[in-house]
Amino acid sequence: MTDQAETPFVRYSVDGAVATLTLDSPHNRNALSRKLVTELFDGLARAEADDAVRVILLRSADRVFCSGADLSEAATTSMEEGARAIVELQRRIVAAEKPVVVRLDGPVRAGGTGIVAAADVAIASEDAHFALTEVKLGVTPAVISLTVLPRLNDRAAALTCLGGEKFSAAEAAAYGLVTEAVPADQVDARVEAVCASLATGHPQGLRETKKLLNRALLADIDARGEELAQLSARLFGTDEAREAMMAFLTRGK
């Protein structure tokens, strides 16, 4: 049996000017465990430090991109610590000096949505789908609101955050959460074309344009990240949230 402690949860590779970080933690649907987040931090730093890399691609080894926070670690890690890690992950993607592209082939939930929103370009298969289910669990999408709300138009934000229902990749594109939704058999070609186009940018041009585009978003993360991490932790710790989560997890059983 393979020891999970020794198995990478994020695989790193470089092909030409594109560094790919592949989430590969299928046992928990790429939940944002301490190990996976730490390896994402390391991979982002490695790509940033490589002068040959112009573009950073985030993807999953399997259909599920990310299921959100790893709640199984709640017994050994404070909720504030976990929320702060998700804030910092979003910040590093937004602040990266190189364009970050995400490829989505299947489900995206909770903290995974924050990663998608933090990226510069998001290409989704029409098979991908999303849900902001926090409202059904007695909580709110606090820390991911830092990146998700600036992407969504106001009506889409109200519908998705208050309704908590699943929505399609096509709807996500119409709402502004993803850049494009394309047929599943065209995802490879479209992601390759987008990365190739971005890679033609001059490093200084890419760096300064990202700063220009993300200045307000980065300032808001720095100003409100800690406040929202505390809000998330407080709500997750309430009796109401625990009861709602238990009911949600056991429904239909």
Side-chain angles (χ1 to χ4, degrees), residues 9-26 29-32 36 40 43-44 47 52-68 89-90 93-94 96 98-132 144 147-148 150-153 155-157 159-160 165-202 205-206 209-210 213-214:
F9 284 3
V10 177
R11 294 190 276 108
Y12 183 91
S13 62
V14 176
D15 183 8
V18 180
T20 300
L21 279 63
T22 302
L23 282 59
D24 193 8
S25 179
R29 294 162 53 92
N30 290 330
L32 297 173
L36 185 139
L40 274 175
L44 288 168
V53 169
R54 298 282 180 93
V55 181
I56 302 170
L57 174 65
L58 302 179
R59 60 168 300 167
S60 171
D62 298 305
R63 287 188 67 254
V64 178
F65 178 71
C66 177
S67 59
L89 179 56
Q90 293 174 104
I93 294 170
V94 169
K98 301 172 181 182
V100 177
V101 178
V102 290
R103 171 189 172 140
L104 309 169
D105 293 292
V108 184
R109 299 291 184 269
T113 314
I115 296 174
V116 172
D120 302 291
V121 180
I123 306 299
S125 163
E126 290 176 350
D127 292 341
H129 50 85
F130 307 77
L132 298 166
I144 64 170
T147 55
V148 171
R151 302 297 188 196
L152 296 174
N153 64 60
R155 290 300 189 186
L159 179 63
T160 57
E165 303 295 342
K166 184 170 74 172
F167 56 99
S168 69
E171 289 169 323
Y175 297 160
L177 180 61
V178 303
T179 310
E180 296 177 17
V182 300
D185 62 357
Q186 297 178 24
V187 175
D188 285 338
R190 186 58 184 145
V191 169
E192 182 177 349
V194 167
C195 289
S197 175
L198 293 171
T200 64
H202 187 282
L206 294 172
T209 302
K210 275 210 63 169
L213 292 170
N214 291 342

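Numbering of residues begins at 1 and proceeds along the displayed sequence.
Looking at residues two or more places apart in sequence or on another chain, you find a side-chain contact (heavy atoms from CB on, under 4.5 Å) between Asn153 and Arg155, Ala156. Under the salt bridge (Lys or Arg N to Asp or Glu O under 4.0 Å) criterion, Glu165 pairs with Lys136, not counting sequence neighbours. Qualifying side-chain contact (heavy atoms from CB on, under 4.5 Å) partners for Ser60, counting only residues two or more places apart in sequence or in other chains: Asn30, Asp62, Phe65. Residues forming a side chain to side chain donor-acceptor pair (under 3.5 Å) with Arg63 (at least two apart in sequence, or on another chain): none. Taking Arg151 as the reference, Ala117, Leu217 meet the side-chain contact (heavy atoms from CB on, under 4.5 Å) condition, with sequence neighbours excluded.
Expressed to the nearest 0.5 Å, how far CG of Leu44 lies from CG of Leu89 amounts to 7.0 Å. A distance of 10.0 Å separates OG1 in Thr20 from CD1 in Ile56, rounded to the nearest 0.5 Å. Between Asp188 atom CG and Asp105 atom CG the span is 8.0 Å, to the nearest 0.5 Å. Atom CZ of Phe130 and atom CZ of Arg109 lie 9.0 Å apart (nearest 0.5 Å). Asp120 CG to Asn214 CG: the interatomic distance, rounded to the nearest 0.5 Å, is 5.5 Å. Taken from SG in Cys66 to CG in Leu23, the straight-line distance is 6.5 Å, to the nearest 0.5 Å.
Of the possible donor and acceptor atoms, none in the side chain of Ser197 sits under 3.5 Å from a partner among the backbone N and O of Ala193. Remark: the backbone N or O of Ala110 is paired with a side-chain donor or acceptor of Thr113 at under 3.5 angstrom. At distances below 3.5 Å, not a single donor-acceptor pair connects side-chain atoms of Lys210 with backbone N or O atoms of Pro99. Side-chain atoms of Lys98 do not come within 3.5 Å of backbone N or O of Leu206 as any donor-acceptor pair.
Annotation for Val94 and Ala118: closest pair CG2-O, 3.7 Å, computed over non-hydrogen atoms. In plain terms, the two heavy atoms of Val100 and Ala119 that are nearest each other are O-CB, 3.6 Å. When all heavy atoms of Ala17 and Ala199 are compared, the pair lying nearest together is CB-CB, 3.9 Å. The shortest non-hydrogen separation linking Ala131 to Lys166 is CB-CA, 3.9 Å. Closest of all the heavy-atom pairs between Ala169 and Ser125 is CB-O, 3.2 Å. Tyr12 and Gly43 get closest at one heavy-atom pair: CE1-O, 3.5 Å.
In this structure, Val116 and Leu104 have side chains that are in contact, with non-hydrogen atoms separated by less than 4.5 Å. Counting heavy atoms from C-beta outward, Leu132 and Ile144 have side chains that approach closer than 4.5 Å. The shortest side-chain heavy-atom distance between Phe9 and Asp24 does not fall under the 4.5 Å cut-off. For the pair Val194/Ile123, a side-chain contact is recorded, criterion being any heavy-atom separation below 4.5 Å from C-beta on.
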Chi angles and distances behind the side chain to side chain contact (heavy atoms under 4.5 Å, CB included) call for Thr22, Val10: CA-CA 5 Å; Thr22 302; Val10 177; over 6 Å; no
Pair Val187-Arg103, side chain to side chain contact (heavy atoms under 4.5 Å, CB included): steps then yes or no: CA-CA 8 Å; Val187 175; Arg103 171 189 172 140; 3.5 Å; yes
Begin from the C-alpha positions of Val121 and Val102 and carry the test side chain to side chain contact (heavy atoms under 4.5 Å, CB included) through to its verdict. CA-CA 6 Å; Val121 180; Val102 290; over 6 Å; no
Worked check of side chain to side chain contact (heavy atoms under 4.5 Å, CB included) between Leu57 and Val191: CA-CA 9 Å; Leu57 174 65; Val191 169; 3.9 Å; yes
For His202 and Arg54, what are the C-alpha separation, side-chain angles and deciding distance, and is it a side chain to side chain donor-acceptor pair (under 3.5 Å)? CA-CA 8 Å; His202 187 282; Arg54 298 282 180 93; over 6 Å; no
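Listed by first and then second residue, the side chain to side chain donor-acceptor pair (under 3.5 Å) pairs that reach into residues 171-181 are Ser168-Glu171, Glu180-Arg190, sequence neighbours excluded.
Crowding of Glu126 atom CD: a count of heavy atoms from other residues, nucleotides or ligands under 6.0 Å exceeding 12. Open room surrounds CG on Asp15; 12 or fewer heavy atoms of other groups in view lie less than 6.0 Å from it. Open room surrounds CZ on Arg29; 12 or fewer heavy atoms of other groups in view lie less than 6.0 Å from it.
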